[in-house]
Every structure is written in structure tokens, then in C-alpha cells.
Amino acid sequence: KIFFFLIFIYFVTAQELDDDITLEKKPLVILPAKNHYHKDVADKIVAIISNQAVSVGRFNVIDRNIVNDILTEQKFQLTGMVDDDQVIEIGNLASAKEALVLDIIHFNQKGVPKEKEEKEEEEHSTLFNWIVKTLVKETIENSREPDSTQLENNIHTEFMGKITMINLITGVSKYSFNLNAEFTGGNRAASLSKVLDQVTNQIRMKLKDLYMITSEIVEINGSDVTILSGENLGLKKGAMFEISSKNRTKTYKGKKITIPGKRRGLLRLTNVGPDASQGKIVRKWRPIKSGHRAYELKRPAQIADVVFSY
């Protein structure tokens, strides 16, 4: 009995220690836009969100057709966004804990006159001559009607939106980020395409920040390290991690608190495998051993050595 009890205690403890390690992709639902004033644009951006979430490699995106079927069957109305109860029901039906919702704040396209290049004034031109030329030029331009063909080939596109992550268990908004893009030039389709390119880059960067990976040191041999994460979580060569000891839990005044582990070094991945990766320790402050945590950095750390001699 004591033997089995000890095994049970070890299993529970190991499970608790591994709760903070990223072992699998996160299920994610992407809901339609909150408003349908610009449905074509909204559909394009929702598709971009879905494609980028898959491309980042750390989300299991629930198929949009399944989500649409759920919304149709349950008669959810998303014109003003579903209420909390409906959000929770969507999560239960789609087997996901989180969802992303797009809100289009502002979208506009209009033709603008092209800026004409100003000719250089003659070196000996007087101030009086310059004033006369300017007044005559403005009078002529104000008397002309704008060229509609020119305006249609110089479209200014503006887009502002917000993406909100909602907890499908509680219905509470967890996180949100803004999208801002604008471009002037070309016809409506070309101008919109440039704006969508900007939006795509912003979405990709923010989605990666939403789900940073926590891994574990599996092997260490000098400065060579192997961690328990790879292509299965979208890691790529060159990604950097901060190595630290495990977090510790402590009860203080009847409340359980988590004390962060001590920072020990920086790791850069040199070879990424299917479910494990190898890397080099590029900076070390304390001893590093198997079992220590490796936390993915949002941005690559700058490593530099400065040596002064006399």
C-alpha cells in the first residue's frame, strides 16, 4: 500500500511540474466579424487570421465550415456579437477554449489627386515673381474639375480594426490588439491589396506573441543543448530562448504563490526537429542542467561583447 501511495504521489507531483510546459498546439476558433458593414473586407481579413494562425504552427484552427454550421444550427446572431452564454456554448460545441473575433472600426477608400512634382525655381527668381506664379497656378487649378480617371487610379485606402481573444469557458475577453494600415496608389483592388499585406504582417507577429512556448532542457553537453519542442509547435532555426530554473510554489499567509526561477542563460536554436530541437548556449550566468525551463523570447536578444584594453 505504501509503495502504490508513493507512486501516486510521484505521478501527481510530476504532472503539476509539467503543467507549464507547452506540449501541444492550442485549439482556436475564429469567429466572423462583429459587424457586416464591409463584409467583403471582413471575410478577407478573417481568412488572413485563419491562414496566419495555421502558418505560425502553434494553433489548431477549428475549420471555418464547422464553426459556420454551429452558428447556423444554434441560430447565433453575430451582427452585434453573441452574448456570454452563447460564446460559452460555441466553445463547448467546437471543443476549444479560446476564440478570435474581428471588429472593423473604420474602413474607407477614396480617390485623391496625385501630387505633382514642383519644378525648381530659377536661381534669380524674385519673391514678387514667385507670388504671381503661385496665385496664377492656384487660380487655374481651382477652375478645373478633378479628373475622375486620375482619381480612380490613385486610391487612398484606410483600415482600422481590433482583434479580441475571448475565453470560451468564461466568455471574458482576455487580450486584444489593434490593426492599422493605409496605402495610396493604384486602383481600388491594388490599394486594398497593399493594405491587406500590412495587416497580414501585423496579424502574424501578434499571433505568435499570443502563444509563447515554454520548453524543457532534455540534454546538455557543454554548450550544446536539446529542448523538448520542435516543428510540431512552429519553431524555426534561429529562435531564442531564455533558460531558467523551475518556478517554485510556496504558501504565504494561507495563499499559494509562484516564485519565478532564476535566469541562467540564453539559447539559440541551430537545428529544429519534428518534436525536439538542438541549440547553442550563447550566454550563461549560472549552471544549466537537464530539467531547467526554456522560455521563448518574443524578440531576438542582442548579444555583444565589449572588451577594453590599455
> Can you say whether the rings of His38 and Phe107 are parallel (under 30°), tilted (30 to 60°) or perpendicular (over 60°)?
Replying inline: perpendicular
> Do Arg293 and Glu242 have side-chain heavy atoms sitting under 4.5 Å apart?
Replying inline: no
> Is there side-chain contact between Ile155 and Thr184, with heavy atoms separated by less than 4.5 Å?
Replying inline: no
>> Can you confirm whether Leu196 sits close enough to Phe159 that some side-chain heavy atom of one is under 4.5 Å from a side-chain heavy atom of the other?
In response: no
>> Starting from Val272, can I reach Leu266 by hopping between I/L/V/M/F/W/Y residues whose side chains sit under 4.5 Å apart?
In response: no
>> Distance check, rounded to the nearest 0.5 Å: Phe183 atom CZ versus His156 atom NE2?
In response: 10.5 Å
> What pair of heavy atoms forms the shortest contact from Ala276 to Thr226, and how long is it?
Replying inline: CB-CG2, 4.4 Å
>> Tell me the closest heavy-atom pair linking Ile203 and Ile48, and the distance in Å.
In response: CD1-CG2, 3.9 Å
> Any idea which heavy atoms bring Ile227 and Ala294 closest together, and the distance?
Replying inline: CG2-CB, 4.4 Å
>> I'd like to know if Leu179 and Val46 are part of one continuous hydrophobic network [Ile/Leu/Val/Met/Phe/Trp/Tyr, side-chain heavy atoms within less than 4.5 Å].
In response: yes
>> Determine whether Ile281 and Val225 satisfy the following criterion, side chain to side chain contact (heavy atoms under 4.5 Å, CB included), listing intermediate values before the conclusion.
In response: CA-CA 7 Å; Ile281 297 174; Val225 172; 3.6 Å; yes
> So, do Arg264 and Ser245 sit near enough that their side-chain heavy atoms are less than 4.5 Å apart?
Replying inline: yes
> Any donor-acceptor pair under 3.5 Å linking the side chain of Asn247 with the backbone of Gly261?
Replying inline: yes
> Judged by atom type as modelled, is there a donor-acceptor pair below 3.5 Å linking the side chain of Gln52 to the main-chain atoms of Thr200?
Replying inline: no
>> salt bridge (Lys or Arg N to Asp or Glu O under 4.0 Å), that's the test. Do Asp40 and Lys44 meet it? Break it down for me.
In response: CA-CA 6 Å; Asp40 292 341; Lys44 285 182 173 64; 5.8 Å; no
> Under the 3.5 angstrom rule, does the side chain of Gln109 hit a backbone N or O of Arg188 as a donor-acceptor pair?
Replying inline: yes
> Can you check whether Leu235 reaches Arg58 side chain to side chain, under 4.5 Å on heavy atoms?
Replying inline: yes
> Do Lys206 and Ile163 come within less than 4.5 Å of each other through their side chains, counting heavy atoms only?
Replying inline: no
> Going hydrophobic residue to hydrophobic residue with side-chain gaps under 4.5 angstrom, can you get from Val195 over to Phe177?
Replying inline: yes
> Could you state the interatomic distance from CD1 (Ile166) to CG (Leu168), rounded to the nearest 0.5 Å?
Replying inline: 7.0 Å
>> So for atom CE, which belongs to Met205, do other residues, nucleotides or ligands contribute more than 12 heavy atoms lying within a distance under 6.0 Å?
In response: no
> Looking only at heavy atoms, what is the nearest atom pair of Gly185 and Ser191, with distance?
Replying inline: O-CB, 3.4 Å
> Would Asp224 and Lys280 satisfy side chain to side chain contact (heavy atoms under 4.5 Å, CB included), going step by step from the backbone distance to the final call?
Replying inline: CA-CA 5 Å; Asp224 296 324; Lys280 290 277 189 183; 2.6 Å; yes
>> I'd like to know if the side chain of Glu152 and the backbone of Gly111 have a donor-acceptor N/O pair within less than 3.5 Å.
In response: no
> How many angstroms lie between atom CZ of Arg283 and atom CZ of Arg263, to the nearest 0.5 angstrom?
Replying inline: 11.5 Å
>> Could you measure the distance from the NE2 atom of His292 to the CD1 atom of Ile217? Nearest 0.5 Å is fine.
In response: 8.5 Å
>> Working note: Ile220 + Ser290, criterion side chain to side chain contact (heavy atoms under 4.5 Å, CB included); need CA distance, chi angles, decisive distance, verdict.
In response: CA-CA 7 Å; Ile220 180 168; Ser290 299; 4.3 Å; yes
> Are any side-chain N or O atoms of Asn154 and backbone N or O atoms of Val112, one a donor and one an acceptor, separated by less than 3.5 Å?
Replying inline: yes
>> Using the rule that Ile, Leu, Val, Met, Phe, Trp and Tyr join whenever any side-chain heavy atoms are under 4.5 Å apart, tell me whether Tyr175 and Leu102 fall into a single cluster.
In response: yes
> Considering only heavy atoms from C-beta outward, does the side chain of Ile288 approach that of Leu267 to under 4.5 Å?
Replying inline: no
> How about Val56 and Arg204: do any of their side-chain heavy atoms sit closer than 4.5 Å?
Replying inline: yes
>> With rounding to the nearest 0.5 angstrom, report the NZ to CG distance, Lys237 to Asn271.
In response: 7.5 Å
> If you take all heavy atoms of Thr258 and Pro260, which pair is closest and at what distance?
Replying inline: O-CD, 3.7 Å
> With the 4.5 Å side-chain cut-off for hydrophobic clustering, are Trp285 and Phe241 part of the same group?
Replying inline: no
> More than 12 non-hydrogen atoms from neighbouring residues, nucleotides or ligands closer than 6.0 Å to NZ on Lys25, yes or no?
Replying inline: yes
>> If you compare all heavy atoms of Gly230 against all heavy atoms of Ser277, which two are closest, and at what distance to 0.1 Å?
In response: CA-OG, 3.5 Å
> Roughly how far apart are Lys110 NZ and Glu158 CD, rounded to 0.5 Å?
Replying inline: 6.5 Å
